[in-house]
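Sequence positions, counted from 1, serve as the residue numbers for this chain.
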Amino acid sequence: SPLLFGYHKPVTMSFIEKAINPAFYKQKISTWSHATAEYYKPLFRSGSVKPLWHIMIATSVLMYTQNYLFNKGTHIQHARQEKKVALEEYYKNHNITPGH
């Protein structure tokens, strides 16, 4: 890697111009959607099970990623632990029995 040896390639202005130009993203999405359609069209027409498997795998990856990020991630678990400790302290200070 060039960065390991202290060499840093400067970012060109054309890259920045592309990154902020919506037409660049529209063109990328258009190219991707066309390529995807061309790949899957023959598979659908032939009755292949491959598109179904691809949809199932994509759905699973999306669901497990969301579940981890929003329900089981380390920052979520840390926040839950803090709330649990704070609630236990509150119950102890106010002589409240949890669950009543």
Side-chain angles (χ1 to χ4, degrees):
S1 169
L3 292 178
L4 293 176
F5 301 108
Y7 172 76
H8 180 68
K9 185 178 178 182
V11 176
T12 61
M13 233 11 220
S14 64
F15 173 77
I16 295 172
E17 289 171 355
K18 284 182 187 177
I20 62 173
N21 187 356
F24 172 74
Y25 296 103
K26 184 176 180 183
Q27 189 268 335
K28 288 290 184 186
I29 290 171
S30 174
T31 302
W32 177 81
S33 63
H34 177 73
T36 303
E38 292 300 312
Y39 176 78
Y40 283 109
K41 195 180 297 183
L43 294 174
F44 278 117
R45 288 185 178 163
S46 69
S48 174
V49 73
K50 194 181 242 185
L52 175 64
W53 282 105
H54 288 179
I55 291 168
M56 289 170 46
I57 290 169
T59 301
S60 296
V61 167
L62 181 66
M63 287 174 47
Y64 282 112
T65 302
Q66 287 181 333
N67 187 30
Y68 178 77
L69 291 176
F70 300 115
N71 296 330
K72 297 180 181 174
T74 55
H75 63 285
I76 300 294
Q77 292 300 323
H78 180 70
R80 286 182 182 166
Q81 185 62 29
E82 280 184 350
K83 289 178 185 176
K84 183 180 177 183
V85 169
L87 197 54
E88 287 173 359
E89 289 176 6
Y90 177 81
Y91 287 153
K92 184 179 175 184
N93 292 338
H94 292 85
N95 294 325
I96 299 174
T97 306
H100 293 287

**Q** Give every donor-acceptor pair under 3.5 Å between a side-chain atom in residues 68-78 and any protein atom, sequence neighbours left out.
**A**
| from | atom 1 | to | atom 2 | distance (Å) |
| --- | --- | --- | --- | --- |
| Asn71 | ND2 | Asn67 | OD1 | 2.9 |
| His78 | NE2 | Glu82 | OE2 | 3.0 |

**Q** Give the minimum heavy-atom separation between Ser33 and Ser30, together with the two atoms involved.
**A** OG-O, 3.0 Å
**Q** For Ile29, which fellow cluster members are found when Ile, Leu, Val, Met, Phe, Trp and Tyr are connected by side-chain heavy-atom distances below 4.5 angstrom, either directly or through intermediates?
**A** none
**Q** Can you list, pair by pair, the side-chain donor-acceptor contacts under 3.5 Å of residues 85-95, counting residues two or more places apart and other chains?
**A**
| from | atom 1 | to | atom 2 | distance (Å) |
| --- | --- | --- | --- | --- |
| Asn93 | ND2 | Glu89 | O | 3.3 |
| His94 | ND1 | Tyr90 | O | 3.0 |

**Q** For Glu38, give me all partners under salt bridge (Lys or Arg N to Asp or Glu O under 4.0 Å), at least two apart in sequence or on another chain.
**A** Lys41
**Q** How would you list, by chain and number, every residue that makes a side-chain hydrogen bond (donor to acceptor under 3.5 Å, both in side chains) with Thr31, sequence neighbours excluded?
**A** Gln27
**Q** Quick one: side chain to side chain contact (heavy atoms under 4.5 Å, CB included) partners of Thr59, sequence neighbours excluded?
**A** Ile55, Met63
**Q** Can you tell me which residue pairs pass the ring pair (Phe, Tyr, Trp, His ring centres under 6.0 Å) test with a partner in residues 28-48, sequence neighbours excluded?
**A** Tyr40-His54
**Q** Return the set of residues passing side chain to side chain contact (heavy atoms under 4.5 Å, CB included) with Met56 (not counting sequence neighbours), or none when no residue passes.
**A** Leu52, Trp53
**Q** Looking at residues at least two apart in the chain, or sitting in another chain, which of them share a ring-ring contact (aromatic ring centres under 6.0 Å, His included) with Phe24?
**A** none
**Q** What pairs of residues pass the salt bridge (Lys or Arg N to Asp or Glu O under 4.0 Å) test when at least one of them lies in residues 42-54, not counting sequence neighbours?
**A** none
